[in-house]
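To find a chain, count down the sequence lines: A is the first, B the second, and so on, and within it residues start at 1. The shown structure was predicted, so the numbers you read here are calculated from the model rather than taken from an experiment.
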Amino acid sequence: MMWAVSTPKLSRLLSKKRACALRLITWNINSVRLRLDLVAHLVKETAPDVLCLQETKVIDDLFPSAALAEMGFTHQHFYGIKGYNGVAILSKRPFTATKRLDWVGRTDGRHIAVELKLKNKPAIEVHNIYVPAGGDEPNPETNEKFAHKLAFLTELTRWFGDKKNHTQPLVLVGDLNIAPLQTDVWSHKQLLKVVSHTPIEIDHLEALRQTANFVDAVRHIIPVEEQLYSWWSYRSRDWKTNNRGRRLDHVWVTPQLSENIHAAQILSDARDWIRPSDHVPVIVDLKE
DNA sequence: ATGGTTGAGAATCAA
């Protein structure tokens, strides 16, 4: 087994998982087959109960189910298309339900959900979402990809809005491809017209958040004053020195779960792993 | 203002 990484201090840096906690990780992995060894490393170091991946980039027939089951994820729900996108929810705990959701008339592997039981709580529904990146130009009139991104968020907002009267606790994670806060980007001013940090996207994301009064679990733990990123472009000579990151990956929970948020961390070390994804894992522990 | 890199999978497309 080739361990791609040796960061011996990693486990020491991680806050310890409580015995009675559900550890949830979201990670845009940018090809699950190419980075199976990194998944194994992550799992060994952090022991997540539920691992949500985006950009698996593999059709279901070729999904590496057996290897992931060997890592302890005997419960798996995934949906991938050829070449790009693709989402997976890997779990050590059984699901009580699974579903796939499709938006803007496409079946393009961007949203799946599972239901699972927490101790002493009603079953929670975990949504794993990969929001379209949106292309380069932040104008829906001229850029079809940006129009798609906004339409995707609008449809999600309508759907979660319709669920509003339900009392089921929800967790929404994924690569939302939007960095909402000023401290979620390396330069608020320089990114105001850059897709991922434009006001119109942030408004759309905020509308989605408000449908179920979702709480940003990471910012619930880490103060908004603190610069925080989960993605650094491959197109940077030295990501660490330039540190031109953005926080595109999120974990949200509905209010009845917010008091259960025990810890949250962004594993920026992972950006230095061998052949890294451009995104790093985001970890949230929920007390049970 | 521009260019810079990576992955899938076979010429570009997506990010």
Is a side-chain donor or acceptor of [X] paired with a backbone partner of [Y] at a separation under 3.5 angstrom?
X         : Y         : result
Asp175(A) : Tyr130(A) : no
Lys145(A) : Pro132(A) : no
Thr254(A) : Gln256(A) : no

Exercise. Can you name the residues that form a side chain to side chain contact (heavy atoms under 4.5 Å, CB included) with Leu34(A), not counting sequence neighbours?
Worked result: Ser31(A), Arg275(A)
Exercise. Between Trp27(A) and His279(A), does a ring pair (Phe, Tyr, Trp, His ring centres under 6.0 Å) hold up when you go through it step by step?
Worked result: CA-CA 7 Å; Trp27(A) 190 19; His279(A) 295 252; 9.7 Å; no
Euclidean distance, atom [atom1] of residue [X] to atom [atom2] of [N] [Å, nearest integer]:
X         : N       : atom1 : atom2 : answer
Asp278(A) : dT6(B)  : CG    : P     : 10 Å
Ile29(A)  : dT6(B)  : CD1   : P     : 17 Å
Asp249(A) : dA15(B) : CG    : P     : 14 Å
Glu137(A) : dT2(B)  : CD    : P     : 13 Å
Asn30(A)  : dG9(B)  : CG    : P     : 12 Å
Asn28(A)  : dA15(B) : CG    : P     : 11 Å
His279(A) : dG7(B)  : NE2   : C1'   : 13 Å
Arg246(A) : dA15(B) : CZ    : P     : 14 Å

Exercise. When we call it a touch if two heavy atoms are under 4.0 Å apart, what does Arg275(A) touch: a base, just sugar-phosphate, or nothing?
Worked result: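 Here Arg275(A) touches the backbone only, sparing every base.
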Exercise. Base, sugar-phosphate, or nothing: which does Arg33(A) touch, judged by heavy atoms less than 4.0 Å apart?
Worked result: sugar-phosphate
Exercise. Going by heavy atoms closer than 4.0 Å, what residues in residues 177-201 of chain A are next to DNA chain B?
Worked result: none
[M] and [N], which share atom name [atom1], separated by this distance in whole Å:
N       : M       : atom1 : answer
dG7(B)  : dA11(B) : C1'   : 14 Å
dT12(B) : dA1(B)  : P     : 30 Å
dC13(B) : dG9(B)  : P     : 16 Å
dA14(B) : dA10(B) : C1'   : 15 Å

Inspect the contact between [Y] and [X] and indicate whether a charged nitrogen and a carboxylate oxygen are less than 4.0 angstrom apart.
X         : Y         : answer
Asp184(A) : Arg246(A) : no
Arg110(A) : Glu155(A) : no
Lys240(A) : Asp238(A) : no

Problem set entry | Whichever of Ile59(A) and Arg237(A) has its nearest DNA chain B nucleotide further upstream toward 5' | Arg237(A)
Exercise. Taking the side chain of Tyr234(A) as heavy atoms from C-beta outward, which of dT6(B), dA8(B), dA15(B) is closest to it?
Worked result: dT6(B)
For this session: Please tell me if the side chains of Leu156(A) and Phe152(A) come closer than 4.5 Å, counting only heavy atoms from C-beta onward.
Result: yes
At a cut-off of 3.5 Å, list every protein nitrogen or oxygen paired with a nitrogen or oxygen from nucleotides 10-14 of chain B, distance to 0.1 Å.
from, atom 1, to, atom 2, distance (Å)
dA10(B), OP1, Lys82(A), NZ, 3.1

For this session: Measure from NZ or CZ of Arg100(A) to the centre of the six-membered ring of Tyr79(A), then state whether that distance is under 6.0 Å and the direction lies within 45° of the axis.
Result: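 Verdict for Tyr79(A): a cation-pi partner in Arg100(A).
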